Structures are given as C-alpha cells and as structure tokens.
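Below: one structure, written as structure tokens.
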Amino acid sequence: MSTEVPPIGNRSSRSASGRGRQPPVGLVAGTEDSTPLAFRVAIEPEAYLQLDDVVLTVRDVPGIGPVSTAGVVTQVRARHEGASFGSDTFLIADGVLPAHVQELAEVTTTRVDPECYIPPLPGTPASRATGAEREKALYFDQMATKVPIGMGRDGEPIFANLEFLDGTRGAHVSISGISGVATKTSFALFLLHSLFTSGVLGKRQLSTRALIFSVKGEDLLFLDRPNIKLDDDLRAAYAALGLPASPFSSVGFFAPPLPGDQTGRPNVVGRTAGVSAFWWTLAEFCAGELLPYVFADVEDERNQYTMVVHQVTTRLKYEAQPAGPDGAVAINGRLARTWPELVDLIDDLLNDDATQADWAGRITGQGTINAFLRRLRSSVRPLTPILRGDLTATSRRTIDTTDQQVTVIDLNTLPERAQRFVVGVTTATETARKEKAGPGGLLFTMIDELNKYAPREGSSPIKDLLLDIAERGRSLGIILIGAQQTASEVERRIVSNSSIKIVGRLDPAEAGRPEYGFLPASQRQRATLAKPGAMFVSQPEIPVPLAVEFPFPAWATRLSECATAPEQERETTTRDAFRRLPPVDDFDFDDLGIEPPPPF
C-alpha cells in the first residue's frame, strides 16, 4: 500500500479529510520507524505541538476500514536538516549554507480504535484531538463516572475514573514529591473537594467520610474558611471543572490538649474556636489493648522484648479496673491517674518477684524486661498529654468521623512517637468501625509522610494495619490516600496496590528510582522541574500519565488567608450583649419618677 505525500508547497491545502476534526498539524514522519505503540510527527512550518498534546491520525485498512491511532506527545525535537556540525548553525543563519528547520514530535499511543494494531503510515496527516476525539483518546468516554482532577496543558479538563477510587475496580492513591514544592497535601485536598462537591458519589455522599492527619503546622485547621485570595479568575477555574469555588462545608477539628492544663483546652494557636481536644483515658488504653502502638517504631519487632509487650497488654486488659469518672485505673489496689504513674506501676509489677512471671512470662530474662522498661519509660514525655486519667471527660474528647464529612486531626505539636500512636490507634479504630458498618459508604484516610508509618524495611503494628488496608481495604470501602516525599522508602505492596499514582516535583536522584518506572523518560525529567500545582497522574485505563494543573485552594490554608478569622466571626455575634433591649430614650422617666441619665 502506498501513500502519496503532498508537496511542501501544497501543505496549506491539506484538509481534515472531511471528518470535522482539526486541520492537520503535520505528517507521520518516515525518517524513523513508526510502530503501533509509538510514532513521530513532522510538524508543519506554521504549526506546533507541545508536550502533552493529544494527537490523532487515521489509516484506512482494507477489510477493516478507518483505524484511528491516538496518543500523547511525550517529546518534541527541532533540528537543522542539512547541518553536520555545530558551527554549521552560524553559516545557515547567514544564508551561506542551505538547510531546513524541522520539528518532530514523539507520540506515545494511548488508544487504537478499532483494535487493529498497525503502525501509522509515513505521510499520513496528524491532527490535534479535540472534543469527542480527545475524550475517546484518553478513555474519558469509557468512564461511567468522571472525577475532575484538574486541567490539561490544552486547557481542557482531566478526569479520573471513580471506579478506581471507590473500590469498584481499584482503590488507593499514592502522591509523591518534594516537601513544600510538590503541593502533595494541596492536591489531596483538592481531590477530596472534587469528590464531595462534583456529585459523583451520588447517594453515597451522605455516608462518605474523610479522615485527615495533619503533621505540618496548623494549615489544615481552616478548611471551612474561604480563602481571601479567591477572585473571579479562580472562581472561573473551578467553574470550568464543574466545581464550586468554596471551602469544605462539614469539618471537625481535633488537637491534643495543652500540656499541663487541667481544663482540657486544645493545644492550638491560630484557631481557638471550633477545635476539640482529644485524648485517651487510661481505662480505654488498658481495655482497648493499645500498648503495642506505644512501641510502633519499625525496629521494635526485631527485638525480643515484643513478647513482653504482648504479655503486659493482656494483663492490663484483665487486671486494670476503672477508678473514678475521669478514666483512671487501679491495679492490685494501686491507683494510676497519669501515664507516668501507670508506667511506674508496670515497672514495679515487672520487677516484683511475686508478679514478674505473670506480667513478663516465666521464661523471660531480666535483660529483656529491662529493654522493655527502657523503651516504655522513653514514652513518658511524648505520650503524657494524650493518655490521661486526670481530666474531666467531654462529649467531643473522642475522635469520631460520624458527625462530620471531613475530620482533621492536628498532630504538629506532638513528638513523632506520639504522632505514630495517634495515627495507629485512630486508623485502627475507624477501620474497625467501618468494617462493622459494612461497605455502604466510603472512608478516605489521608496520611502525610507515609514513609514514616509504613517504611520499606521492618515491621510495626501501624505498618501491618496500613498494609492490610492497602490489600483488602477497597472491599470494605476504606480508601488510603498516602503522601510521601520518597515512594522508594514506602512499603512496596502499599504503592503497588495504589490504582492512582501521582507525582509532583521530584528530587533528581529520587526520579531515577524504579518506583517511578510508570513515567516516560521525558516526564521523569520534567518532574524535576515541575512548578507548584503541576502534577503527573497515572491511572490504569490510560497508558501514559497525564500532566495536570489544579486550581489554587478556595479554602484558607493558613490564618492569614482567612477571609474572616474564626475568633472575629464569633465576636461579631456576641459583642453586643444588650442589642435586644430597647434604647434608653424609649423609657418615660417622668412616669417612673426618676431623673434621666446624663448624656455620654
């Protein structure tokens, strides 16, 4: 089969084959092999193709008919044809040496329709795919429910398939990138905002919840406040995606109590209204068998004292008796109202010859017991604020996702060991609650610095829990959204079970890791240059990751961005305590027989 190539002088006369598509931007190049999976396009002198453009070419195949091959531009090159040396460039510029400038775009195939995998023929016109052709090239036409996740380089919306987010065909999201530049948390929040406001969840929206652990400052304590930078351009950007430019409408905030404060006030600075302090009572700690989460470091499982951990956990469950309304416990007649007191009590029980065998095990050596006690005592300072038996219980003390759509747990004031404890216990509790409730709704669990809780090496209770969620969570309606600076340091099975993989700005050394093998070479290089707000999104249906830009948050990300500060809003509703009383002039002082007050 041969194809007649129009002469260069007649390029402007080429049409779009009468099919209503865009005019050709070039021809399939014949200087290099064209394959069904990749080909090159020689670009017209007055046209251009940029990275991430969607390109379409059609070939008539005998017995089959038109076969469309669509793909995404992954590289563009320009060169002087006719030049042999670098110095020839100057001669060509001066008109001494004849040469022709030619641009070539490398296209990676995304879809062939019908599925007849043949190479596009050299000289075949290639055009930009727009409208329905673009939707088809990127498989958007096959997505039953599309979740808007941002704009493409062509200014058109990019979607994710809900079936790979809600557990129908897949689940879990992995987001990687440099801290402070890759905007991992911002994109995760935008994804949640899109899920909650686009209507894609349908009836499930009422039973869908999001649990967010915040470890970097108090930035996430203002998700329910509009951003002061919200303007008409930003509203238009959200409208183009079919989303409202609004903050989250139903949010609950939790923070640890202020150390040394006996009133149970939350330890926050920027926002003092609408934040509840959380803690666990010592009675809940013992009855809930929470001691293993105190030893949540990955190296713990490599030591023999873990057998003491499990033995003491069991003894606490059956021998610790609630003592009083504040959650204190009593063991063998001794009262413990604070975490240091309970640690001292455990120490005495393990070193007492009469109780050591029951609490440590009959064959446990003194060296193993001492190793356990050293680790236990090192937890006194980080865990004292959140393990209490000396604070009056409140209705909002317990972290619970059922009362609001989004629950934010602020951990930035806690030491790392306490952060691990909170993440582990809360995730386990909410997972058990969701498993008991059944798969009717969804629970999105967003964890930043995932490599800290599920590292590649070692084992820990938190890692085992997160791995269990990654492997069977989608059947329970539990979706993990993990963000990390380095995917290479996260447990492989968690990353591999993530249907949606997202990459922001990457460190050059990290970009070369095999965990980013799903990115073409050009996108790996681009990821080291990506600006904030630019992400590369890989999803199962689309062979090539798509470059996405998402709009600036419509919600405040810090106190200075709040259109109305929480404290100011509260004051405006309470500052005039006598506003409902009639003015002084309305009284008839003569009838009352008293002198009117002097004017101010």
Side-chain angles (χ1 to χ4, degrees), residues 139 143 145 147 149-150 158-178 182-192 194-195 200 208 210-213 423 427 431 434 439 442-457 462-506 510-511 513-520 523-524 527 535-548 550:
Y139 290 88
M143 297 181 182
T145 309
V147 182
I149 57 174
I158 297 292
F159 301 97
N161 193 340
L162 180 65
E163 292 183 346
F164 290 102
L165 284 171
D166 66 358
T168 302
R169 298 166 61 189
H172 312 309
V173 180
S174 174
I175 309 176
S176 306
I178 298 175
T183 56
K184 303 184 297 294
T185 302
S186 297
F187 185 82
L189 290 172
F190 175 78
L191 179 60
L192 290 175
S194 180
L195 285 165
V200 296
T208 297
L211 176 63
I212 302 174
F213 295 97
V423 171
T427 304
T431 299
K434 182 67 182 67
L442 298 173
L443 174 63
F444 291 92
T445 303
M446 175 181 157
I447 301 179
D448 199 3
E449 303 295 344
L450 184 61
N451 53 291
K452 185 166 63 177
Y453 306 106
R456 174 149 299 187
E457 304 296 335
I462 300 178
K463 180 179 177 179
D464 294 341
L465 174 63
L466 294 175
L467 184 57
D468 183 55
I469 292 175
E471 292 180 335
R472 70 183 188 97
R474 77 182 187 98
S475 63
L476 303 173
I478 304 173
I479 313 302
L480 179 64
I481 301 178
Q484 59 279 327
Q485 295 187 43
T486 51
S488 60
E489 296 181 0
V490 178
E491 166 60 42
R492 288 184 180 91
R493 288 171 290 176
I494 293 179
V495 176
S496 62
N497 274 289
S498 298
S499 295
I500 309 294
K501 297 180 177 65
I502 302 168
V503 172
R505 178 78 169 265
L506 286 178
E510 177 68 9
R513 302 278 187 175
E515 285 73 20
Y516 305 95
F518 60 91
L519 292 174
Q523 289 190 352
R524 287 199 190 197
M535 316 295 283
F536 297 95
V537 180
S538 172
Q539 48 187 320
E541 285 182 311
I542 306 176
V544 180
L546 301 180
V548 173
F550 63 99

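Given the structure is predicted, the values throughout are model-derived calculations rather than measurements.
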Taking all atoms of both residues into account, what is the closest heavy-atom pair of [X] and [Y], and its distance?
X	Y	value
I494	A454	CD1-CB, 3.5 Å
I478	K434	CG1-CG, 3.6 Å
A160	M143	C-SD, 3.9 Å
T486	V490	O-CG2, 3.7 Å
R474	A171	CB-CB, 3.4 Å
K184	S176	CD-C, 3.7 Å

Nearest-0.5 Å distance, [atom1] of residue [X] to [atom2] of residue [Y]:
X	Y	atom1	atom2	result
L467	R492	CG	CZ	13.0 Å
F159	T145	CZ	OG1	12.0 Å
L192	I212	CG	CD1	5.5 Å
L211	T427	CG	OG1	6.0 Å
E491	S496	CD	OG	8.0 Å
Q484	I175	CD	CD1	8.0 Å

Worked check of side-chain contact (heavy atoms from CB on, under 4.5 Å) between L465 and Y453: CA-CA 10 Å; L465 174 63; Y453 306 106; over 6 Å; no
Assess, by modelled atom type and distance only, whether the side chains of Y516 and Q523 contain a donor and an acceptor separated by less than 3.5 Å. no
Is the shortest side-chain heavy-atom distance between [X] and [Y] below 4.5 Å?
X	Y	result
F444	V173	no
F164	Q539	no
I479	H172	yes
I158	V537	no
T185	L189	yes
I149	I500	no
T183	F550	yes

(request) Mark yes or no for whether E510, through its side chain, and G177, through its backbone, hold a donor-acceptor pair below 3.5 Å. (result) no
Sequence neighbours excluded, the answer for salt bridge (charged side-chain N to carboxylate O under 4.0 Å, His left out) partners of R169 is E163, E541
Across all chains, not counting sequence neighbours, the salt bridge (charged side-chain N to carboxylate O under 4.0 Å, His left out) partners of R524 are none
Verdict with reasoning, L165 to V200, per side-chain contact (heavy atoms from CB on, under 4.5 Å): CA-CA 11 Å; L165 284 171; V200 296; over 6 Å; no
* **Carboxylate-amine/guanidinium proximity below 4.0 Å for R513 and E515** => no
| request: Would you check, one step at a time, whether the test side-chain contact (heavy atoms from CB on, under 4.5 Å) holds for E449 with Q485? | output: CA-CA 7 Å; E449 303 295 344; Q485 295 187 43; 3.7 Å; yes
**Request:** Before giving the answer on side-chain contact (heavy atoms from CB on, under 4.5 Å), spell out for L195 and L162 the whole-Å C-alpha distance, their side-chain angles and the decisive distance to 0.1 Å.
**Result:** CA-CA 9 Å; L195 285 165; L162 180 65; 3.8 Å; yes
The residue among V423, T445, I447, T431 that forms side chain to side chain contact (heavy atoms under 4.5 Å, CB included) with L466 is I447
